[in-house]
Amino acid sequence: MSGPAAGTAVAATTTDVVCLGESMVTFLPSQPGRLADVPSFGRGIGGAESNVACALAAAGHRAAWVGRVGADGFGDHLVETIASYGVDTSAVRRDPFRPTGIYFRTATDRGTDTHEVAYYRAGSAASAMSPANVPYEELFAGRILHLSGITAALSGDCLALLRELTAARPGRPLVSFDVNHRPHLWRGGDADASVLLELARRADLVFVGEDEAEEAWGIVGAEAIRAAVPEPSVLVVKRGSAGATVFASGLRPGPCSSNAGGAEVVTHVPALRVDVVAAVGAGDAFAAGFLSATLRGLPVRDRARHGHLMAAAVLTVPGDLTEPPARDHADRLVALDDDAWGTLRLGPGWTAADRASEEVRTP
C-alpha cells in the first residue's frame, strides 16, 4: 500500500495514543569515562517515540508503538521490553534483511563536551519504514498520533512517510510532533531545518526546545518561534530550567481539545527544581505528561505541569524510563498554588512518596 486513501476515516478505537518511530537497544556504561575506557555496559532500550508510549502506558493510558525491528535477538528484546510497560506492540513489523539499531553512550550529561554516543543504526530495519510498508489502520486508530523529527532524518522513505502522516485529510487523529532536532542524523546541508519546520507546521500539537529552534532555524525566543510556526493549535516551547511557554488557539472540537475557535492564549509554566541524576529522556517524558493531561481534557497550565512532573520523574533516575508518579499524587502537586509550585523541589525517590512532607523540600 502506498499510503492512506484520501478521505480515509478513523474507526472507533480504544487506543489513546499511537507512537511511531525507531527504538534501539542502548548500552549504558558501567562507570563514567570515555567509551574507549568503559569496561562493560548494561543493556537498555532507547527511542523517543517508544519512550513516550511506555510513559503513557505506565500512567494508565492505552498506548501503542509502531516501528520496524530486525528479525534478531535485539528486536526480540525491544518488543518484549516495550510490551512489558503495557504498550501494544502488535503492529510492529520484523525485517528479515536489516538489523535492529543499537547505540552506546557515556554516563555524562549529553549537553557536555565529554558526552559520547556511538550509533549503529545506518541501514537499520527502522530506516526502511516507508509509505508502502506501514500499517495505516493501526497508525490512525488512536485519538493522538505522536511523531518526531528523528524519524524524518533516518532515510528518504522515512521522510516520505512523515509527510504522508502529517498531510491534512478528513478524520485524521490529532497529530503530535516533537521536533527533536538531531544534527548528527542528517546528511549535511540545511535540509534538516526546512524539513523540520515543514513538518511542524503540518501538525496539530508541536513540542520544540528553545535551544533547538535557535540551532535549527536561527530563531530566538518563544514569540518568534510561534511566528514561524503559526499553524498548530498548540505549540509548546520548552525553555529548560526557565520552564515552558504554551501557545494555544483555535483548537478543533474533540476529546483532546478545548477552547475551540478561541483567541490565542499564551501560558508560561515555570519548571520545577530537580536534583538531577541523569539528564536523559526528559523531553520525551515531558511530552508524555503533556499528552496524558491533554487526553484528560485538563487546562493548558495543568498539561504543562504534568509534563514537568513526568520529566522530573525521569531526571531523578539513571535511565530514559521510570515509573511515573501515581495520577492522584501528580494531580495533587499540579493543583498547588503558584507559590507552593515555585518552592517544590524533587529528588530521587520522590514518585514513591505519599505525603507532601516527603515530596517537598524547601531550599
Side-chain angles (χ1 to χ4, degrees), residues 10 13-23 44-67 78-92 138-148 150-151 165 173-180 203-207 234 236 238 244 246 254-257 280-300 302-317 319-331 333-334 351:
V10 178
T13 178
T14 59
T15 304
D16 291 323
V17 180
V18 178
C19 303
L20 173 133
E22 179 172 36
S23 191
I45 66 170
E49 302 84 2
S50 59
N51 284 348
V52 171
C54 289
L56 284 167
H61 296 284
R62 298 158 299 191
W65 173 63
V66 178
L78 276 176
V79 174
E80 291 167 5
T81 303
I82 294 170
S84 72
Y85 283 85
V87 176
D88 180 355
T89 59
S90 60
V92 175
E138 286 87 348
L139 286 172
F140 289 168
R143 295 165 61 189
I144 297 175
L145 172 61
H146 181 70
L147 310 168
S148 96
I150 294 173
T151 304
L165 295 175
L174 188 149
V175 173
S176 166
F177 180 72
D178 193 333
V179 171
N180 261 330
D204 302 303
L205 165 57
V206 172
F207 300 95
V234 178
V236 183
K238 297 175 292 182
V246 184
C256 299
S257 304
V280 292
D284 302 330
F286 181 94
F290 195 96
L291 291 174
S292 172
T294 297
L295 287 162
R296 298 171 60 197
L298 300 184
V300 167
D302 293 1
R303 299 181 194 190
R305 283 191 172 188
H306 275 285
H308 286 317
L309 287 169
M310 280 274 209
V314 168
L315 287 169
T316 50
V317 298
D320 290 20
L321 292 167
T322 188
E323 187 74 18
R327 181 173 292 184
D328 60 347
H329 183 185
D331 284 344
L333 296 181
V334 165
T351 59

**Student:** Kindly indicate whether the side chain of Phe207, heavy atoms from C-beta on, has any atom under 4.5 Å from the side chain of Ser176.
**Tutor:**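 With C-beta onward as the side chain, the pair touches.
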**Student:** Carefully, step by step, assess Asp16 and Leu56 under the rule side chain to side chain contact (heavy atoms under 4.5 Å, CB included).
**Tutor:** CA-CA 9 Å; Asp16 291 323; Leu56 284 167; over 6 Å; no
**Student:** Atom CZ in Arg143, atom CG in Leu174: separation rounded to 0.5 Å?
**Tutor:**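 Rounded to the nearest 0.5 Å, the CZ-CG separation comes out at 10.0 Å.
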**Student:** State whether the side chain of Trp65 and the backbone N or O of Asn51 hold a donor-acceptor pair below 3.5 Å, judged by distance alone.
**Tutor:**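 Flag not set: sc Trp65 to bb Asn51 has no pair under 3.5 Å.
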**Student:** Looking at every non-hydrogen atom in both residues, tell me the closest pair between Ile82 and Ile45 and how far apart they are.
**Tutor:**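 Residues Ile82 and Ile45, closest heavy atoms: CG1-CD1, 3.7 Å.
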**Student:** Locate the shortest heavy-atom distance separating Thr351 from His329; write the atom from each residue and the value.
**Tutor:**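 Shortest heavy-atom contact: O-ND1, 3.6 Å.
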**Student:** Hey, what do you get for CG (Leu309) to OG (Ser292), rounding to the nearest 0.5 Å?
**Tutor:**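 It comes to 11.0 Å.
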**Student:** For a side chain to side chain contact (heavy atoms under 4.5 Å, CB included) check, start with the C-alpha distance between Val236 and Leu205, then their side-chain angles and the critical distance, and finish with the verdict.
**Tutor:** CA-CA 8 Å; Val236 183; Leu205 165 57; 4.1 Å; yes
**Student:** Do the non-hydrogen side-chain atoms of Val17 and His61 ever get within less than 4.5 Å of each other?
**Tutor:**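 Sidechains of His61 and Val17: no contact.
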**Student:** Hey, could you give me the CG/CZ distance between Leu298 and Arg303, rounded to the nearest 0.5 Å?
**Tutor:**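 Interatomic distance, Leu298 CG to Arg303 CZ, rounded to 0.5 Å: 7.0 Å.
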**Student:** Less than 4.5 Å apart, side chain to side chain, heavy atoms only: is that true for Leu20 and Leu139?
**Tutor:**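 Side-chain contact under 4.5 Å: yes.
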**Student:** Between Val87 and Ala53, which heavy-atom pair has the shortest distance, and what is it?
**Tutor:**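 The pair with the smallest heavy-atom distance is CG2-O, 3.5 Å.
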**Student:** Testing the basics here: between Ala313 and Thr322, what is the closest heavy-atom pair and its distance to 0.1 Å?
**Tutor:**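 Heavy atoms of Ala313 and Thr322 come nearest at O-CG2, 3.3 Å.
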**Student:** Phe290 and His306: aromatic ring centres closer than 6.0 Å?
**Tutor:**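 When the ring centroids of Phe290 and His306 are compared, they turn out to be at least 6.0 Å apart.
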**Student:** Are Met310 and Phe286 side-chain neighbours, meaning at least one heavy-atom pair lies under 4.5 Å?
**Tutor:**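 No, every pair of side-chain atoms sits at 4.5 Å or beyond.
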**Student:** If you apply the rule side chain to side chain contact (heavy atoms under 4.5 Å, CB included), what do you find for Asp178 with His146, and how did you get there?
**Tutor:** CA-CA 8 Å; Asp178 193 333; His146 181 70; 4.1 Å; yes
**Student:** Do side-chain atoms of Thr81 reach the backbone of Leu78 as a donor and acceptor pair under 3.5 angstrom?
**Tutor:**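 No, because the side chain of Thr81 does not come within donor-acceptor range (under 3.5 Å) of the backbone of Leu78.
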**Student:** Please determine whether side chain to side chain contact (heavy atoms under 4.5 Å, CB included) holds for the pair Asp204 and Phe177, giving the CA-CA distance in whole Å, both sets of side-chain angles, and the decisive distance to 0.1 Å.
**Tutor:** CA-CA 8 Å; Asp204 302 303; Phe177 180 72; over 6 Å; no
**Student:** Can you check whether Asp284 reaches Asn180 side chain to side chain, under 4.5 Å on heavy atoms?
**Tutor:**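 Side chain of Asp284 against side chain of Asn180, heavy atoms only: contact under 4.5 Å found.
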**Student:** For a quick test of reading the model, state the closest non-hydrogen atom pair linking Ala311 to Ala282 and the distance between them.
**Tutor:**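 Taking Ala311 first and Ala282 second, the nearest heavy atoms are CB-O, 3.7 Å.
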**Student:** For the residue pair Ser23 and Ser50, what are the closest heavy atoms and their distance?
**Tutor:**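 Smallest interatomic distance, heavy atoms only, reads OG-OG, 3.0 Å.
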